Amino acid sequence: MKIELSDVLDELIELQEATDEAHAGLARLQEELGDAAQWTDEQHVTWRDAWEDAREPWWLLDTALDQYAEVIGLDRDELEARVQEAAGARSAS
């Protein structure tokens, strides 16, 4: 059974949205914490923990893009661009 792009697009879009949300959360945290050179040890731990939590959706998306691109016969960069475009369109509506 051949897997079609439409079969995996929803899953990849959800992973992209989770990745985007994690990135936005890190950006908010960094803005809140300010200059890293001035962070306390506790702030460094807070950042490290948030970074580790954010890596999971990134890793899941990256792995899924690699696997699905191979299975459906698309260039990985092309698949990633389609997913990002679809995720952007979905979040704009």
Side-chain angles (χ1 to χ4, degrees):
M1 177 177 161
K2 184 174 180 182
I3 297 176
E4 299 291 328
L5 178 59
S6 61
D7 296 334
V8 298
L9 198 54
D10 283 340
E11 178 184 347
L12 291 173
I13 290 170
E14 286 178 19
L15 290 171
Q16 180 67 55
E17 290 171 342
T19 298
D20 293 346
E21 184 178 314
H23 182 264
L26 281 177
R28 284 189 301 271
L29 179 60
Q30 185 158 7
E31 185 175 312
E32 178 184 312
L33 294 175
D35 182 14
Q38 305 298 318
W39 289 355
T40 64
D41 288 343
E42 184 178 319
Q43 287 171 317
H44 279 285
V45 169
T46 299
W47 173 260
R48 185 198 66 223
D49 291 347
W51 174 259
E52 291 296 323
D53 290 346
R55 285 179 52 197
E56 184 176 354
W58 292 334
W59 179 83
L60 290 171
L61 176 62
D62 188 57
T63 302
L65 285 167
D66 285 342
Q67 291 173 346
Y68 284 134
E70 184 176 327
V71 168
I72 60 178
L74 272 181
D75 177 74
R76 188 213 189 271
D77 292 338
E78 181 182 343
L79 178 58
E80 183 175 17
R82 287 186 185 191
V83 169
Q84 288 174 347
E85 182 179 328
R90 207 158 97 168
S91 69
S93 52

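A quick note: this is a predicted structure, and the numbers were derived from the prediction, not measured.
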Tell me, please, which residues at least two apart from D20 pass salt bridge (charged side-chain N to carboxylate O under 4.0 Å, His left out). none
Taking all atoms of both residues into account, what is the closest heavy-atom pair of L9 and V83, and its distance? CD1-CG2, 3.9 Å
Enumerate the residue pairs fulfilling side-chain hydrogen bond (donor to acceptor under 3.5 Å, both in side chains) with a member in residues 50-59, sequence neighbours excluded, ordered by first and then second residue.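 Every pair satisfying side-chain hydrogen bond (donor to acceptor under 3.5 Å, both in side chains) with a residue in residues 50-59: E52-R55.
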With sequence neighbours excluded, residues passing side-chain hydrogen bond (donor to acceptor under 3.5 Å, both in side chains) with Q30: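 Partners of Q30 under the side-chain hydrogen bond (donor to acceptor under 3.5 Å, both in side chains) test: none.
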Gap between atom CD of E17 and atom CG of L61 - 0.5 Å precision: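 Rounded to the nearest 0.5 Å, the CG-CD separation comes to 11.0 Å.
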When rounded to the nearest 0.5 Å, the distance separating CD of Q16 from CG of L65 is 7.5 Å
Taking only distance into account, with no hydrogens and no angle test, what donor-acceptor pairs under 3.5 Å do side-chain atoms of residues 71-78 form with protein atoms, sequence neighbours excluded?
| from | atom 1 | to | atom 2 | distance (Å) |
| --- | --- | --- | --- | --- |
| D75 | OD2 | D77 | N | 3.1 |
| D75 | OD2 | E78 | N | 3.2 |
| R76 | NE | D66 | OD1 | 2.6 |
| R76 | NH1 | E80 | OE1 | 2.9 |
| R76 | NH2 | D62 | OD1 | 2.2 |
| E78 | OE2 | R82 | NH2 | 2.9 |

For A50, give me all partners under side chain to side chain contact (heavy atoms under 4.5 Å, CB included), at least two apart in sequence or on another chain.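 Counting only residues at least two positions away or on another chain, A50 forms a side chain to side chain contact (heavy atoms under 4.5 Å, CB included) with L26, L29.
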Under the rule for side chain to side chain contact (heavy atoms under 4.5 Å, CB included), what residues qualify as partners of W39, not counting sequence neighbours?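 Partners of W39 by the side chain to side chain contact (heavy atoms under 4.5 Å, CB included) criterion, ordered by chain and then number, come out as L33, A36, Q43, H44, W47.
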Could you name each residue pair satisfying ring-ring contact (aromatic ring centres under 6.0 Å, His included) that touches residues 8-38, not counting sequence neighbours?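 Residue pairs passing ring-ring contact (aromatic ring centres under 6.0 Å, His included), neighbours aside: none found.
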If a pair satisfies salt bridge (Lys or Arg N to Asp or Glu O under 4.0 Å) and one of its residues is in residues 24-51, list it, with sequence neighbours excluded. none
